[in-house]
Amino acid sequence: MITVMKFGGTSVGSAEALKRVANIVANTEGDRVVVVSAMSGITNFLVSVVENPLTDPDGVIQQFSDKHLLTASQLFGGETMDEFRAEFDARLEAFRKALLADREDPYYKDAVVSQGERFSSLLLAFVLRDQGLKSVAITSEDAGIIAVGRPGNGSADLLNTATGMTMKVRPLLSMGVIPIITGFYGTGSDKKPITFGRGGSDYSAAVVANAIDADMLEIWTDVDGFMSADPRIIPDAKKIPEMNFGEAAELAYFGAKVLHPRTIEPVRLKHIPLKVKNSFRPEEPGTLIHHLRKSTSEMLRSVAAKTDLSIITISSAEIAYRPAMVARIIDKIADINVIIYSISTSLSTVAFLVHNNDVKQTLRQLNGLSGGDIERIDVKNDVALICAVGDNLLDKCGVSGDIFGAVKEANANVEMISEGASDVSLNFVVPMSRVIDVVKALHDRFIGGQR
Ligand code: ASP
Ligand code: MG
(Lines give C-alpha, C1' and ligand atoms only; values in the text may rest on other atoms or scores of the structure.)
(Ligands and ions follow the chains in the order given, each with its own letter.)
Protein backbone atom coordinates (compact mmCIF):
# COMPACT_ATOMS: atom_id res chain seq x y z
CA MET A 1 0.00 0.00 0.00
CA ILE A 2 1.53 3.31 -1.11
CA THR A 3 0.04 6.59 0.09
CA VAL A 4 1.11 9.89 -1.40
CA MET A 5 0.55 12.67 1.13
CA LYS A 6 0.68 16.34 0.18
CA PHE A 7 0.91 19.13 2.74
CA GLY A 8 0.15 22.73 1.79
CA GLY A 9 1.77 25.99 2.85
CA THR A 10 -0.15 26.52 6.08
CA SER A 11 0.30 22.86 7.03
CA VAL A 12 4.09 23.37 6.96
CA GLY A 13 3.91 27.06 7.88
CA SER A 14 5.40 26.92 11.39
CA ALA A 15 7.32 24.64 13.73
CA GLU A 16 4.08 23.67 15.41
CA ALA A 17 2.39 22.90 12.10
CA LEU A 18 5.38 20.84 10.95
CA LYS A 19 5.20 18.76 14.13
CA ARG A 20 1.54 18.08 13.48
CA VAL A 21 2.40 16.98 9.96
CA ALA A 22 5.19 14.72 11.21
CA ASN A 23 2.69 13.00 13.50
CA ILE A 24 0.25 12.51 10.67
CA VAL A 25 2.96 10.98 8.50
CA ALA A 26 4.24 8.80 11.35
CA ASN A 27 0.73 7.49 12.05
CA THR A 28 0.06 6.50 8.45
CA GLU A 29 0.64 2.86 7.66
CA GLY A 30 2.41 1.36 4.68
CA ASP A 31 4.75 3.11 2.25
CA ARG A 32 4.54 6.87 2.26
CA VAL A 33 5.68 9.47 -0.25
CA VAL A 34 5.30 13.06 0.87
CA VAL A 35 5.00 16.17 -1.33
CA VAL A 36 5.18 19.64 0.20
CA SER A 37 4.48 23.27 -0.65
CA ALA A 38 6.69 26.09 0.54
CA MET A 39 6.02 27.49 4.02
CA SER A 40 3.10 29.92 3.78
CA GLY A 41 4.17 33.38 2.66
CA ILE A 42 7.44 32.19 1.15
CA THR A 43 6.33 31.85 -2.48
CA ASN A 44 4.66 35.27 -2.35
CA PHE A 45 7.92 36.68 -1.02
CA LEU A 46 9.90 35.07 -3.85
CA VAL A 47 7.42 36.28 -6.45
CA SER A 48 7.86 39.85 -5.23
CA VAL A 49 11.63 39.35 -5.37
CA VAL A 50 11.55 38.38 -9.05
CA GLU A 51 9.04 41.07 -9.95
CA ASN A 52 11.04 43.95 -8.49
CA PRO A 53 14.56 45.21 -9.12
CA LEU A 54 17.07 43.14 -7.18
CA THR A 55 18.70 45.84 -5.07
CA ASP A 56 19.72 43.76 -2.07
CA PRO A 57 20.33 40.08 -2.87
CA ASP A 58 22.10 39.51 0.46
CA GLY A 59 19.09 40.90 2.30
CA VAL A 60 16.81 38.54 0.37
CA ILE A 61 18.97 35.52 1.21
CA GLN A 62 19.21 36.62 4.84
CA GLN A 63 15.46 37.04 5.28
CA PHE A 64 14.75 33.73 3.59
CA SER A 65 17.42 31.90 5.53
CA ASP A 66 16.40 33.40 8.91
CA LYS A 67 12.82 32.24 8.52
CA HIS A 68 13.81 28.62 7.87
CA LEU A 69 16.63 28.49 10.42
CA LEU A 70 14.43 29.92 13.15
CA THR A 71 11.84 27.26 12.41
CA ALA A 72 14.54 24.58 12.43
CA SER A 73 15.82 25.77 15.82
CA GLN A 74 12.31 25.40 17.21
CA LEU A 75 12.17 21.82 15.97
CA PHE A 76 15.48 20.10 16.64
CA GLY A 77 19.03 20.59 17.86
CA GLY A 78 22.19 18.58 18.44
CA GLU A 79 23.28 16.13 15.80
CA THR A 80 20.06 16.51 13.80
CA MET A 81 20.75 20.23 13.56
CA ASP A 82 24.32 19.65 12.40
CA GLU A 83 23.18 17.32 9.65
CA PHE A 84 20.38 19.71 8.73
CA ARG A 85 22.82 22.62 8.48
CA ALA A 86 25.04 20.75 6.04
CA GLU A 87 22.18 20.16 3.59
CA PHE A 88 20.67 23.56 4.29
CA ASP A 89 23.87 25.42 3.46
CA ALA A 90 24.24 23.55 0.18
CA ARG A 91 20.69 24.38 -0.82
CA LEU A 92 21.10 28.00 0.24
CA GLU A 93 24.17 28.29 -1.97
CA ALA A 94 22.15 26.92 -4.88
CA PHE A 95 19.45 29.50 -4.12
CA ARG A 96 22.03 32.29 -4.17
CA LYS A 97 23.23 31.12 -7.57
CA ALA A 98 19.68 31.05 -8.94
CA LEU A 99 18.97 34.50 -7.54
CA LEU A 100 22.09 36.03 -9.07
CA ALA A 101 21.66 34.35 -12.45
CA ASP A 102 20.73 36.16 -15.66
CA ARG A 103 17.36 37.83 -15.06
CA GLU A 104 16.63 37.83 -18.80
CA ASP A 105 16.68 34.04 -18.94
CA PRO A 106 13.05 32.95 -19.51
CA TYR A 107 13.53 30.31 -16.78
CA TYR A 108 14.94 32.73 -14.21
CA LYS A 109 11.66 33.35 -12.40
CA ASP A 110 10.78 29.67 -12.12
CA ALA A 111 14.22 28.88 -10.73
CA VAL A 112 13.78 31.47 -7.99
CA VAL A 113 10.09 31.13 -7.05
CA SER A 114 10.45 27.34 -6.74
CA GLN A 115 13.08 27.69 -3.99
CA GLY A 116 10.66 27.64 -1.03
CA GLU A 117 9.74 23.98 -1.52
CA ARG A 118 13.40 22.96 -1.32
CA PHE A 119 13.57 24.23 2.24
CA SER A 120 10.16 23.20 3.61
CA SER A 121 10.90 19.64 2.41
CA LEU A 122 14.23 19.70 4.20
CA LEU A 123 12.62 20.84 7.45
CA LEU A 124 10.00 18.08 7.33
CA ALA A 125 12.53 15.35 6.51
CA PHE A 126 14.60 16.33 9.54
CA VAL A 127 11.61 16.53 11.89
CA LEU A 128 10.78 12.96 10.88
CA ARG A 129 14.38 11.87 11.34
CA ASP A 130 14.43 13.50 14.74
CA GLN A 131 11.47 11.28 15.62
CA GLY A 132 13.44 8.22 14.62
CA LEU A 133 11.94 7.65 11.17
CA LYS A 134 13.99 7.20 8.02
CA SER A 135 13.38 10.14 5.72
CA VAL A 136 15.16 12.11 2.99
CA ALA A 137 14.35 15.38 1.25
CA ILE A 138 14.57 15.05 -2.51
CA THR A 139 14.10 17.75 -5.09
CA SER A 140 11.78 17.30 -8.07
CA GLU A 141 14.80 17.00 -10.34
CA ASP A 142 16.26 14.19 -8.22
CA ALA A 143 12.88 12.49 -7.98
CA GLY A 144 12.57 12.52 -11.78
CA ILE A 145 9.56 14.82 -12.17
CA ILE A 146 9.71 15.90 -15.81
CA ALA A 147 7.94 19.08 -16.89
CA VAL A 148 7.00 20.35 -20.32
CA GLY A 149 5.49 23.63 -21.46
CA ARG A 150 6.13 27.28 -20.84
CA PRO A 151 7.84 28.68 -17.75
CA GLY A 152 5.29 29.53 -15.07
CA ASN A 153 2.71 27.32 -16.70
CA GLY A 154 4.15 23.84 -17.08
CA SER A 155 2.59 20.39 -17.11
CA ALA A 156 4.12 17.08 -16.16
CA ASP A 157 5.21 14.53 -18.69
CA LEU A 158 3.50 11.62 -16.95
CA LEU A 159 5.18 8.82 -18.87
CA ASN A 160 8.74 10.01 -18.38
CA THR A 161 8.05 10.98 -14.80
CA ALA A 162 6.87 7.43 -14.12
CA THR A 163 10.12 6.05 -15.52
CA GLY A 164 12.22 8.47 -13.48
CA MET A 165 10.34 7.87 -10.24
CA THR A 166 10.51 4.11 -10.63
CA MET A 167 14.27 4.37 -10.73
CA LYS A 168 14.75 7.08 -8.13
CA VAL A 169 11.93 6.89 -5.61
CA ARG A 170 10.80 3.27 -5.51
CA PRO A 171 14.15 1.99 -4.19
CA LEU A 172 13.80 4.38 -1.23
CA LEU A 173 10.41 2.90 -0.37
CA SER A 174 11.77 -0.62 -0.37
CA MET A 175 14.41 0.54 2.13
CA GLY A 176 11.70 1.93 4.39
CA VAL A 177 12.66 5.54 3.71
CA ILE A 178 10.00 8.25 3.51
CA PRO A 179 10.90 10.60 0.63
CA ILE A 180 9.86 14.24 1.04
CA ILE A 181 9.56 15.69 -2.46
CA THR A 182 9.34 19.35 -3.48
CA GLY A 183 5.98 20.29 -4.99
CA PHE A 184 5.24 23.08 -7.48
CA TYR A 185 7.67 22.29 -10.31
CA GLY A 186 9.39 19.75 -12.48
CA THR A 187 12.40 20.13 -14.72
CA GLY A 188 12.62 20.26 -18.49
CA SER A 189 15.08 18.48 -20.70
CA ASP A 190 17.83 20.98 -19.82
CA LYS A 191 17.24 20.46 -16.07
CA LYS A 192 15.78 23.95 -15.63
CA PRO A 193 12.79 24.18 -13.26
CA ILE A 194 9.38 24.80 -14.81
CA THR A 195 6.64 25.58 -12.29
CA PHE A 196 3.08 24.27 -12.60
CA GLY A 197 1.41 27.60 -11.81
CA ARG A 198 0.51 29.04 -8.40
CA GLY A 199 -0.92 26.45 -6.08
CA GLY A 200 0.63 23.76 -8.27
CA SER A 201 1.88 21.49 -5.48
CA ASP A 202 -1.48 19.71 -5.36
CA TYR A 203 -0.95 18.86 -9.01
CA SER A 204 2.63 17.74 -8.28
CA ALA A 205 1.31 15.33 -5.69
CA ALA A 206 -1.20 13.90 -8.16
CA VAL A 207 1.58 13.49 -10.71
CA VAL A 208 3.70 11.65 -8.13
CA ALA A 209 0.74 9.41 -7.21
CA ASN A 210 0.22 8.61 -10.88
CA ALA A 211 3.91 7.98 -11.54
CA ILE A 212 4.42 5.68 -8.59
CA ASP A 213 1.07 3.87 -8.95
CA ALA A 214 -0.06 4.90 -5.48
CA ASP A 215 -3.09 3.34 -3.84
CA MET A 216 -4.23 6.64 -2.35
CA LEU A 217 -3.53 10.35 -2.68
CA GLU A 218 -4.12 12.48 0.41
CA ILE A 219 -4.20 16.25 0.04
CA TRP A 220 -3.74 17.74 3.51
CA THR A 221 -4.86 21.35 3.72
CA ASP A 222 -6.40 23.75 6.23
CA VAL A 223 -10.10 23.08 5.62
CA ASP A 224 -12.25 20.01 6.33
CA GLY A 225 -12.75 19.15 2.65
CA PHE A 226 -15.32 20.18 0.06
CA MET A 227 -18.49 21.87 1.26
CA SER A 228 -21.94 22.19 -0.28
CA ALA A 229 -21.32 25.96 -0.56
CA ASP A 230 -18.89 28.62 0.60
CA PRO A 231 -19.50 28.72 4.38
CA ARG A 232 -18.93 32.48 4.36
CA ILE A 233 -22.08 32.82 2.26
CA ILE A 234 -24.03 29.85 3.62
CA PRO A 235 -23.29 29.39 7.32
CA ASP A 236 -25.04 26.01 7.41
CA ALA A 237 -23.17 24.64 4.40
CA LYS A 238 -22.60 20.89 4.73
CA LYS A 239 -19.40 18.93 4.46
CA ILE A 240 -19.33 16.60 1.48
CA PRO A 241 -18.10 13.15 2.51
CA GLU A 242 -17.87 11.69 -1.01
CA MET A 243 -17.77 12.91 -4.59
CA ASN A 244 -16.82 11.51 -7.95
CA PHE A 245 -13.86 12.81 -9.96
CA GLY A 246 -16.03 14.79 -12.37
CA GLU A 247 -17.85 16.68 -9.63
CA ALA A 248 -14.63 17.50 -7.80
CA ALA A 249 -12.97 18.71 -11.00
CA GLU A 250 -15.83 21.08 -11.83
CA LEU A 251 -16.06 22.41 -8.28
CA ALA A 252 -12.32 22.92 -7.96
CA TYR A 253 -12.26 24.73 -11.28
CA PHE A 254 -15.23 26.98 -10.78
CA GLY A 255 -15.12 28.09 -7.24
CA ALA A 256 -14.12 26.11 -4.22
CA LYS A 257 -10.48 26.86 -3.46
CA VAL A 258 -9.99 23.52 -1.75
CA LEU A 259 -7.95 21.80 -4.41
CA HIS A 260 -6.00 22.92 -7.46
CA PRO A 261 -8.26 21.99 -10.40
CA ARG A 262 -5.49 20.13 -12.21
CA THR A 263 -5.10 17.65 -9.34
CA ILE A 264 -7.90 15.40 -10.52
CA GLU A 265 -6.71 14.26 -13.95
CA PRO A 266 -3.46 12.43 -13.08
CA VAL A 267 -5.23 10.36 -10.41
CA ARG A 268 -8.40 9.84 -12.38
CA LEU A 269 -6.35 8.32 -15.20
CA LYS A 270 -5.17 5.56 -12.88
CA HIS A 271 -8.32 5.29 -10.73
CA ILE A 272 -6.40 6.37 -7.63
CA PRO A 273 -8.78 7.62 -4.92
CA LEU A 274 -8.06 11.06 -3.49
CA LYS A 275 -8.84 12.28 -0.02
CA VAL A 276 -8.92 15.93 1.06
CA LYS A 277 -8.06 16.23 4.76
CA ASN A 278 -7.46 18.98 7.32
CA SER A 279 -3.97 18.78 8.86
CA PHE A 280 -5.15 20.93 11.76
CA ARG A 281 -8.03 18.53 12.48
CA PRO A 282 -6.93 15.09 11.30
CA GLU A 283 -9.84 13.43 13.09
CA GLU A 284 -12.24 15.01 10.55
CA PRO A 285 -13.17 12.53 7.83
CA GLY A 286 -12.56 14.99 4.97
CA THR A 287 -13.83 14.39 1.44
CA LEU A 288 -13.16 11.19 -0.50
CA ILE A 289 -13.06 11.60 -4.27
CA HIS A 290 -13.24 8.49 -6.40
CA HIS A 291 -15.24 6.68 -9.06
CA LEU A 292 -18.40 6.98 -7.06
CA ARG A 293 -21.20 5.59 -9.18
CA LYS A 294 -23.90 5.45 -6.60
CA SER A 295 -26.56 8.04 -7.30
CA THR A 296 -27.73 10.03 -4.35
CA SER A 297 -31.21 11.28 -3.71
CA GLU A 298 -30.24 14.92 -3.54
CA MET A 299 -30.34 16.85 -6.74
CA LEU A 300 -27.33 19.03 -6.08
CA ARG A 301 -24.14 18.26 -4.23
CA SER A 302 -22.71 21.74 -4.13
CA VAL A 303 -23.14 25.27 -5.43
CA ALA A 304 -20.04 27.32 -6.14
CA ALA A 305 -19.61 30.78 -7.58
CA LYS A 306 -16.75 32.38 -9.45
CA THR A 307 -16.97 36.13 -9.10
CA ASP A 308 -15.44 39.20 -10.80
CA LEU A 309 -15.98 38.02 -14.35
CA SER A 310 -17.00 39.86 -17.54
CA ILE A 311 -18.86 38.85 -20.66
CA ILE A 312 -17.27 40.00 -23.91
CA THR A 313 -19.73 39.76 -26.79
CA ILE A 314 -18.51 39.97 -30.36
CA SER A 315 -21.10 40.71 -33.03
CA SER A 316 -20.52 39.84 -36.63
CA ALA A 317 -23.04 38.97 -39.35
CA GLU A 318 -23.74 35.25 -39.54
CA ILE A 319 -20.71 34.40 -37.46
CA ALA A 320 -22.25 30.99 -36.83
CA TYR A 321 -21.60 30.13 -40.48
CA ARG A 322 -17.97 31.16 -40.27
CA PRO A 323 -16.29 28.77 -37.84
CA ALA A 324 -12.84 29.88 -39.02
CA MET A 325 -13.62 33.33 -37.69
CA VAL A 326 -14.56 31.94 -34.26
CA ALA A 327 -11.38 29.87 -34.30
CA ARG A 328 -9.31 32.97 -35.06
CA ILE A 329 -10.88 34.84 -32.15
CA ILE A 330 -10.19 31.97 -29.75
CA ASP A 331 -6.62 31.69 -31.03
CA LYS A 332 -6.07 35.38 -30.41
CA ILE A 333 -7.26 35.08 -26.82
CA ALA A 334 -5.27 31.90 -26.25
CA ASP A 335 -2.11 33.69 -27.40
CA ILE A 336 -2.20 35.89 -24.31
CA ASN A 337 -3.01 33.00 -21.94
CA VAL A 338 -6.34 34.47 -20.87
CA ILE A 339 -8.63 31.83 -19.40
CA ILE A 340 -12.04 31.60 -21.06
CA TYR A 341 -14.54 30.32 -18.49
CA SER A 342 -17.40 29.86 -20.89
CA ILE A 343 -18.29 30.41 -24.54
CA SER A 344 -21.69 30.72 -26.10
CA THR A 345 -22.70 31.49 -29.66
CA SER A 346 -25.74 32.58 -31.62
CA LEU A 347 -26.23 33.30 -35.30
CA SER A 348 -24.47 36.65 -35.17
CA THR A 349 -22.68 36.77 -31.83
CA VAL A 350 -20.11 34.89 -29.87
CA ALA A 351 -19.75 35.61 -26.17
CA PHE A 352 -16.81 34.82 -23.89
CA LEU A 353 -16.58 34.84 -20.15
CA VAL A 354 -13.24 36.09 -18.80
CA HIS A 355 -11.94 37.59 -15.56
CA ASN A 356 -12.54 41.33 -15.06
CA ASN A 357 -8.77 41.83 -14.91
CA ASP A 358 -8.29 40.25 -18.34
CA VAL A 359 -10.79 42.41 -20.21
CA LYS A 360 -8.48 45.23 -21.28
CA GLN A 361 -5.82 42.91 -22.56
CA THR A 362 -8.38 40.78 -24.40
CA LEU A 363 -9.94 43.82 -26.09
CA ARG A 364 -6.54 45.04 -27.19
CA GLN A 365 -5.85 41.65 -28.67
CA LEU A 366 -9.21 41.49 -30.47
CA ASN A 367 -8.64 44.92 -31.97
CA GLY A 368 -5.72 43.36 -33.78
CA LEU A 369 -8.07 41.10 -35.77
CA SER A 370 -7.80 41.92 -39.44
CA GLY A 371 -10.54 43.08 -41.77
CA GLY A 372 -13.89 44.63 -41.00
CA ASP A 373 -15.25 41.29 -39.87
CA ILE A 374 -16.27 42.43 -36.44
CA GLU A 375 -19.22 44.76 -36.24
CA ARG A 376 -19.21 45.44 -32.55
CA ILE A 377 -17.73 44.36 -29.25
CA ASP A 378 -19.73 44.77 -26.05
CA VAL A 379 -18.51 44.23 -22.53
CA LYS A 380 -20.61 43.49 -19.48
CA ASN A 381 -18.49 43.73 -16.33
CA ASP A 382 -19.10 42.35 -12.89
CA VAL A 383 -20.91 39.14 -13.44
CA ALA A 384 -20.48 35.83 -11.62
CA LEU A 385 -20.54 32.27 -12.83
CA ILE A 386 -22.66 29.95 -10.75
CA CYS A 387 -21.67 26.32 -10.88
CA ALA A 388 -24.30 23.86 -9.67
CA VAL A 389 -22.80 20.41 -9.27
CA GLY A 390 -24.42 17.03 -8.82
CA ASP A 391 -23.66 13.63 -10.26
CA ASN A 392 -25.60 12.83 -13.41
CA LEU A 393 -27.31 16.14 -12.98
CA LEU A 394 -28.51 16.36 -16.52
CA ASP A 395 -29.94 12.85 -16.57
CA LYS A 396 -32.50 13.85 -14.02
CA CYS A 397 -35.58 15.06 -15.77
CA GLY A 398 -36.55 18.70 -15.31
CA VAL A 399 -33.59 19.63 -13.17
CA SER A 400 -32.62 22.74 -15.08
CA GLY A 401 -36.19 23.99 -14.98
CA ASP A 402 -36.20 23.62 -11.21
CA ILE A 403 -32.83 25.30 -10.88
CA PHE A 404 -33.79 28.28 -13.00
CA GLY A 405 -37.05 28.49 -11.09
CA ALA A 406 -35.04 29.01 -7.92
CA VAL A 407 -32.86 31.58 -9.67
CA LYS A 408 -35.94 33.50 -10.71
CA GLU A 409 -37.16 33.53 -7.12
CA ALA A 410 -33.86 35.19 -6.21
CA ASN A 411 -34.76 37.93 -8.72
CA ALA A 412 -31.73 37.27 -10.86
CA ASN A 413 -31.50 37.51 -14.59
CA VAL A 414 -29.52 34.73 -16.24
CA GLU A 415 -27.04 36.36 -18.62
CA MET A 416 -25.41 33.32 -20.14
CA ILE A 417 -25.81 29.54 -19.81
CA SER A 418 -23.62 26.58 -20.51
CA GLU A 419 -25.57 23.43 -20.12
CA GLY A 420 -24.68 19.98 -21.31
CA ALA A 421 -20.95 20.56 -21.68
CA SER A 422 -20.44 18.52 -18.54
CA ASP A 423 -22.89 15.98 -17.20
CA VAL A 424 -22.18 16.85 -13.59
CA SER A 425 -22.57 20.61 -13.64
CA LEU A 426 -24.92 23.31 -14.79
CA ASN A 427 -23.18 26.65 -15.17
CA PHE A 428 -24.78 30.01 -15.70
CA VAL A 429 -23.96 33.67 -15.30
CA VAL A 430 -25.76 36.17 -13.11
CA PRO A 431 -24.94 39.78 -12.14
CA MET A 432 -22.50 40.09 -9.22
CA SER A 433 -25.14 41.93 -7.22
CA ARG A 434 -27.35 38.82 -7.19
CA VAL A 435 -24.78 36.13 -6.61
CA ILE A 436 -25.27 35.67 -2.87
CA ASP A 437 -29.05 35.48 -3.21
CA VAL A 438 -28.80 32.94 -5.99
CA VAL A 439 -26.39 30.69 -4.10
CA LYS A 440 -28.64 30.92 -1.03
CA ALA A 441 -31.77 30.14 -3.01
CA LEU A 442 -30.22 27.08 -4.67
CA HIS A 443 -28.69 25.83 -1.44
CA ASP A 444 -31.91 26.26 0.55
CA ARG A 445 -34.02 24.58 -2.05
CA PHE A 446 -31.82 21.68 -3.16
CA ILE A 447 -29.32 20.99 -0.41
CA GLY A 448 -30.04 22.72 2.88
CA GLY A 449 -33.12 20.87 4.06
CA GLN A 450 -32.11 17.44 2.84
CA ARG A 451 -29.43 16.15 5.16
N1 ASP B 1 4.23 27.30 -3.12
C2 ASP B 1 3.52 27.38 -4.38
C3 ASP B 1 2.53 28.53 -4.36
O4 ASP B 1 2.39 29.20 -3.35
C5 ASP B 1 2.86 26.11 -4.75
C6 ASP B 1 1.78 25.65 -3.81
O7 ASP B 1 1.64 26.17 -2.72
O8 ASP B 1 1.02 24.75 -4.17
O9 ASP B 1 1.91 28.80 -5.34
MG1 MG C 1 -2.52 25.05 -1.94
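Order of appearance sets the numbers: ligands from 1, and atoms from 1 within every ligand. Hydrogens, waters and symmetry mates are skipped; everything else that's a heavy atom, side chains included, is used.
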Would a 4.5 Å heavy-atom cut-off, applied to side chains only, mark V208 and M165 as touching?
yes
Atom 5 (C) of ligand 1: which of G183, S201, S114 has the nearest heavy atom?
S201
Proximal atoms of ligand 1 relative to R198 (non-hydrogen, under 4.0 Å):
3 (C), 4 (O), 9 (O)
Side chains of S310 and H355: do they bring a donor and an acceptor to under 3.5 Å?
no
Non-hydrogen atom of G9 closer than 4.0 Å to ligand 1:
no
Picking from N44, V60, D56, what satisfies side-chain contact (heavy atoms from CB on, under 4.5 Å) with V49?
V60
Tell me, please: is G8 in heavy-atom contact with ligand 1, that is, under 4.0 Å?
no
Which of the atoms in ligand 1, numbered in the order shown and given with their element, are less than 4.0 Å from a heavy-atom of E117?
1 (N), 2 (C), 5 (C)
Testing D358, L366, I330, V338 one by one against F352 for a side-chain contact (heavy atoms from CB on, under 4.5 Å), which residue passes?
I330
M432 versus T307: any side-chain heavy-atom pair under 4.5 Å?
yes
Quick check: does G199 get an N/O under 3.5 Å from an N/O on ligand 1?
yes
Hey, is H260 one of the residues with a heavy atom under 4.0 angstrom from ligand 1?
no
List the steps, then state whether ring-ring contact (aromatic ring centres under 6.0 Å, His included) holds for F245 with H290.
CA-CA 6 Å; F245 287 121; H290 59 153; 7.7 Å; no
Are any of the N/O atoms in K6 less than 3.5 Å from those in ligand 1?
no
